[in-house]
Amino acid sequence: MSPDNFEESGPGYAPPAVRPGGIAARASAGAGSRYLDGLNPEQRAAVETLDGPLLVLAGAGTGKTRVLTSRIAHILATGRAFPSQVLAVTFTNKAAREMKERIAVLIGGAAEGMPWLGTFHAISTKILRRHAELVGLKNSFTIIDTDDQIRLLKQVLQAENIDDKRWPARTLAYQIDNWKNRGLDPAHVPAGEAAAFADGKGGKLYQHYQDRLKALNAADFGDLLLESLRLFREHPDVLKQYQERFRYMLVDEYQDTNTVQYLWLKLLAQGRNNICCVGDDDQSIYGWRGADVDNILRFEKDFPGAKIIRLERNYRSTGHILDVAAGLIAHNQGRLGKTLFTDGEKGDKPTVSGVWDSEEEARVIGEEIEQLQRQGARLDEVAILVRASFQMREFEERFITLGLPYRVIGGPRFYERAEIRDALAYLRLVAQNDDDLAFERIINVPKRGLGDASLQMLHDHARREHISLSQAARIMIETEELKPKQRQALRDFLADLDRWTGLVEQKPQGELAETILEESGYTDMWQKDRTAEAAGRLENLKELVRAMEEFPSLTAFLEHISLVMDADSADAGARVSIMTLHAAKGLEFETVFLPGWEEGLFPHQRSLDEQGRAGLEEERRLAYVGLTRAKRRAKIYFATNRRIRGLWQTTIPSRFLDELSEAHVEVVDSASGRSYGNYAQSRFANMDTYRSPYATPGWQRAQRRSAETQGEARSNWQDSAARRGPLTIEGELVAKSSASSSFGKGARVFHMKFGPGTVAAVDGNKLTVDFDKAGRKMVLESFVQAA
DNA sequence: CATTCGAGCTTTTTT
DNA sequence: AGCTCGAATG
């Protein structure tokens with residue numbers, strides 16, 4: 001069988017003009033093997049070791065993408081496989097796009113039509129569409145996002161009469177995702193876990209949700225992987241087809257794979273056994289969404305005969321930065337172990353600066369950036385990497401007053417905005433009248449007088465007759481069930497819908513969208529809206545129409561938007577980037593500012609509470625990722641005071657500061673710009689005045705001391721931790737404040753909101769108080785004071 | 001059925 | 001503090 005028989009991905013693909021052997025001949029003869037030039041020995045080995053399983057441990061800045069793309073180029077150029085026989089998986093669309101572009105450069109456009117280069121989800125979808133009927137879907141199935149998922153789950157909960165106050169749909173969604181990430185369908189969820197939600201109904205609800213999805217001919221993101229895994233498991237013939245097709249498999253960011261993805265890869269790799277995974281266990285920062293670092297740690301066991309190649313030569317950062325990062329990450333256990341090195345200069349030492357509060361932090365960083373700017377630095381080579389997005393605001397405000405151009409990376413995605421989702425719902429409905437979720441979303445947007453009551457009737461009818469909402473609507477406009485007003489509104493809507501549906505084939509989708517938005521009154525709705533955001537929303541809608549015009553058809557666009565559309569930030573001009581540490585992975589900047597290195601914020605208390613030691617290690621990897629983004633300058637800050645949820649809190653410097661090797665960091669008094677070579681003793685003496693709150697190697701002493709005075713000075717982070725009961729941090733049990741309460745029964749207390757009262761009962765740090773005015777309330781001890 | 005007010009939550013984020 | 005969601009209200 002000729003290899004190109006495998007290709008059925010559509011008319012876009014033209015078989016190579018030359019047989020594989022021919023390309024190889026051309027490659028070795030001319031400039032074709034240039035892709036090997038300039039690779040270091042390890043990189044080269046990683047590119048040329050083609051047979052059998054291979055794990056490439058690629059540290060930060062060691063040329064990971066280059067290896068991946070060169071490897072693909074090598075496979076193609078030596079004629080080992082056709083483009084259609086190479087599976088290359090990434091996590092994000094951005095990574096996939098970048099890889100495509102770089103391969104095209106390497107082999108001069110011959111990578112055109114690598115149909116199996118994409119995200120896990122995109123590739124799974126492609127496979128699933130071909131065999132949809134085998135897993136109970138039609139090949140036209142819709143992909144629903146988190147928003148739809150939650151709305152659907154609300155219905156499921158409602159049908160089961162479950163109080164979604166007590167058992168929120170969000171929580172269930174999270175739980176189901178979690179199961180799906182672990183490759184568990186309803187039948188295989190451990191009984192204990194299934195019972196944990198809604199008094200034992202968790203498993204049943206999961207099953208109902210899946211049934212609903214099938215009925216709607218829809219799949220959520222988790223299903224894309226889980227269902228294609230099921231497809232492979234239940235249909236060995238189908239699996240075999242793909243096993244044979246994929247002569248070479250490449251996986252990017254292997255440390256981020258979750259269990260389904262791992263199982264999926266493992267099944268596919270059993271064919272040719274040529275799987276190459278690239279990753280860095282030290283950069284695994286997505287444990288909280290199901291990524292399992294163990295996958296990469298177990299690689300050799302999972303794929304017998306695997307070779308491991310380490311890339312440790314760093315091409316990005318200067319010496320001191322690497323040394324500091326290495327010293328920090330060395331505090332983690334359970335690593336495969338890698339040490340980055342560079343032949344380059346030592347460069348500037350990373351700095352650590354203490355500031356009074358987050359406002360000063362923003363001010364100081366703003367000044368430093370202006371200073372850099374005066375020295376000729378480019379703003380697009382400067383980034384501020386924060387732990388949590390609420391930290392961004394302070395910087396934005398400061399930069400606006402300074403007139404410093406910046407951009408925020410991350411934040412709400414384009415297609416997650418309400419107006420975009422509404423517009424998409426219209427389009428989805430027009431493309432497929434039976435899309436109930438879309439129908440429901442826009443039936444009363446803009447207001448048509450068709451509220452909950454009418455919708456409920458439609459629902460009942462649809463369920464009774466096993467038809468879709470739009471079909472139910474068609475029937476109900478002929479019956480007496482609805483009030484005349486509603487019936488007419490529905491009739492008008494259906495007429496519109498039919499007219500638009502008829503236009504799908506007539507008009508280019510951009511125009512179609514404009515027509516629909518216009519005629520439905522949707523655009524009007526926002527034009528009449530006088531709120532500040534309305535103009536932006538209209539702008540976004542225009543952007544959507546513009547984006548649509550680039551696609552061949554409405555369906556092509558809809559497929560694209562659910563899987564592939566990301567907010568491409570129009571980066572016009574040089575701007576400072578503000579983003580979370582998570583968003584920064586894979587990027588690099590000359591100068592990186594790392595604010596907010598305080599206990600509770602970074603490492604984040606919640607991570608510690610929920611994941612214990614593993615959480616701490618993941619936070620540490622996050623710090624490592626942050627540091628290794630810097631090419632020449634890394635600047636760390638911690639504030640002594642930070643406002644959290646409106647309350648000012650005194651904070652303790654992050655333990656990570658103490659893990660930065662003294663020899664390679666510089667402690668700076670940012671206010672005066674003075675530098676302290678020796679900060680150990682002098683700093684600490686100043687700490688309790690909070691005049692010069694610097695990190696010191698002795699900060700543990702401070703922490704110990706703070707523990708002694710915990711009664712009054714306990715920070716909110718610790719407090720929230722205590723509230724949740726005993727917690728494990730770093731494998732140790734952190735006890736609730738042992739002295740149960742400083743108030744006894746009968747004590748007179750004063751509460752900010754409820755006023756004076758008498759303590760009726762004490763339970764740990766919770767007090768039951770009979771307030772003079774407000775009656776009996778349960779309050780936390782920390783919210784009252786002695787009256 | 002639409003609007004308004006109060007209660008609860010609040011890390012990270014891709015697909 | 002500020003936002004989102006749901007219930008009470010007009």
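All of these numbers come straight from a predicted model, not from anything done at the bench. Below, chain A is the first sequence line, B the second, and so on; all start at residue 1.
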From the set [options], return the single nucleotide nearest to any side-chain atom of [X].
{"X": "A/Trp288", "options": "B/dT11, B/dT15, B/dT13", "result": "B/dT13"}
{"X": "A/Arg606", "options": "B/dT13, B/dT10, C/dG2", "result": "B/dT10"}
{"X": "A/Thr92", "options": "B/dT15, B/dT11, B/dT12", "result": "B/dT15"}
{"X": "A/Arg387", "options": "C/dC5, B/dT10, B/dT12", "result": "B/dT12"}
{"X": "A/Ser607", "options": "B/dT11, B/dT14, B/dT15", "result": "B/dT11"}
{"X": "A/His582", "options": "B/dT15, B/dT13, C/dG2", "result": "B/dT13"}

Identify each atom pair where a protein N or O and an N or O of nucleotides 7-10 of chain C are less than 3.5 Å apart, giving names and distance.
none

Whole-Å distance separating the [atom1] atom of [X] from the [atom2] atom of [N]:
{"X": "A/Phe390", "N": "C/dC3", "atom1": "CZ", "atom2": "C1'", "value": "15 Å"}
{"X": "A/Trp264", "N": "B/dT15", "atom1": "CH2", "atom2": "P", "value": "15 Å"}
{"X": "A/Asp145", "N": "B/dT15", "atom1": "CG", "atom2": "C1'", "value": "10 Å"}
{"X": "A/Arg642", "N": "B/dT10", "atom1": "CZ", "atom2": "C1'", "value": "16 Å"}
{"X": "A/Glu610", "N": "B/dT12", "atom1": "CD", "atom2": "P", "value": "13 Å"}
{"X": "A/Leu157", "N": "C/dG6", "atom1": "CG", "atom2": "C1'", "value": "15 Å"}
{"X": "A/Asp148", "N": "B/dT15", "atom1": "CG", "atom2": "P", "value": "17 Å"}
{"X": "A/Arg166", "N": "B/dC9", "atom1": "CZ", "atom2": "P", "value": "13 Å"}

Listed pairs, N/O of protein and of nucleotides 1-3 of chain B, under 3.5 Å:
| from | atom 1 | to | atom 2 | distance (Å) |
| --- | --- | --- | --- | --- |
| B/dC1 | OP1 | A/Gly449 | O | 3.3 |
| B/dC1 | OP1 | A/Gly451 | N | 2.7 |
| B/dC1 | OP1 | A/Ser454 | OG | 2.8 |
| B/dC1 | OP2 | A/Ala453 | N | 3.4 |
| B/dA2 | OP2 | A/Asn444 | ND2 | 3.4 |

Of all residues at least two apart in sequence or in a different chain, which pass the ring-ring contact (aromatic ring centres under 6.0 Å, His included) check with A/Phe602?
-> A/Trp597, A/Phe656
The single option from A/Trp167, A/Trp179, A/Tyr209 passing ring-ring contact (aromatic ring centres under 6.0 Å, His included) against A/Phe197 | A/Trp167
Can you tell if the side chain of [X] reaches within under 4.5 Å of the side chain of [Y], non-hydrogen atoms only?
{"X": "A/Asp292", "Y": "A/Asn258", "answer": "no"}
{"X": "A/Lys180", "Y": "A/Tyr206", "answer": "yes"}
{"X": "A/Leu87", "Y": "A/Leu117", "answer": "no"}

Whether [X] contacts [N] is assessed here as follows: a side-chain N or O lying under 4.0 Å from the phosphate OP1 or OP2. Is that the case?
{"X": "A/Lys585", "N": "B/dT13", "result": "no"}
{"X": "A/Asn93", "N": "B/dT14", "result": "no"}
{"X": "A/Thr119", "N": "B/dT14", "result": "no"}

For the side chain of [X] and the backbone of [Y], is there at least one donor-acceptor N/O pair under 3.5 Å apart?
{"X": "A/Arg398", "Y": "A/Ala362", "answer": "no"}
{"X": "A/Arg621", "Y": "A/Ser284", "answer": "yes"}
{"X": "A/Asn295", "Y": "A/Thr257", "answer": "yes"}

Hey, does A/Lys154 reach any base, or is it just sugar-phosphate, or nothing, if we go heavy atoms under 4.0 Å?
-> sugar-phosphate
Answer with yes or no after comparing the ring centroid distance for A/Tyr406 and A/Phe395 against a 6.0 Å cut-off, counting only values under it.
-> no
Return the orientation label for the A/His582 and A/Trp288 ring planes: parallel under 30°, perpendicular over 60°, tilted otherwise.
-> perpendicular
Whether A/Phe120 stacks on the six-membered ring of B/dT15 base, 5.5 Å and 30° limits = no
